[in-house]
Amino acid sequence: MGGIIATNTTSDSTMLKKLTVNYDGSAFYPETPLNLQPNTRYTIQIISQEKSTETTQKNAWDLLEDMAGTYEAPEDWSSEPDHYLYGTPKRNSQNDKI
């Protein structure tokens with residue numbers, strides 16, 4: 001059993017519809033009736049709902065640490081965000097620290 005989010009890609013407006021389907025190896029079968037136009041092109045996103053067989057005993061901090069990443073940046077990244085985001089001159093140049 002899995003979930004599908006269908007998006008109509010042929011019209012100017014975006015329509016999102018979430019539904020649950022079963023896949024038999026060759027076709028998707030919705031569990032509820034669909035209110036979609038026939039012969040219309042849709043883009044689907046497939047999200048598996050199968051439960052993991054692996055059980056882990058992680059707390060919230062461990063999960064956050066697994067998801068967190070690092071970004072290599074200059075030392076003054078946090079003190080000069082306007083310079084790095086918008087290209088403005090640095091406020092605290094090396095000459096000001098003398």
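Each residue takes its place number in the sequence, starting with 1. Heavy-atom basis, side chains included; hydrogens, waters and symmetry copies ignored.
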Just how far is it from atom CD1 of Ile46 to atom OH of Tyr23, taken to the nearest 0.5 Å? 8.0 Å

Sequence neighbours excluded, which residues qualify as salt bridge (charged side-chain N to carboxylate O under 4.0 Å, His left out) partners of Asp76? Lys90

To the nearest 0.5 Å, how far apart are OG in Ser79 and OH in Tyr84? 7.5 Å

May I ask you to decide if Pro89's main-chain N or O and His83's side chain share a donor-acceptor pair within less than 3.5 Å? no

Least distance between heavy atoms, Pro30 atom then Leu19 atom: CB-CD1, 4.0 Å

Shortest non-hydrogen contact between Tyr42 and Thr40, atoms and distance: CD1-O, 3.2 Å

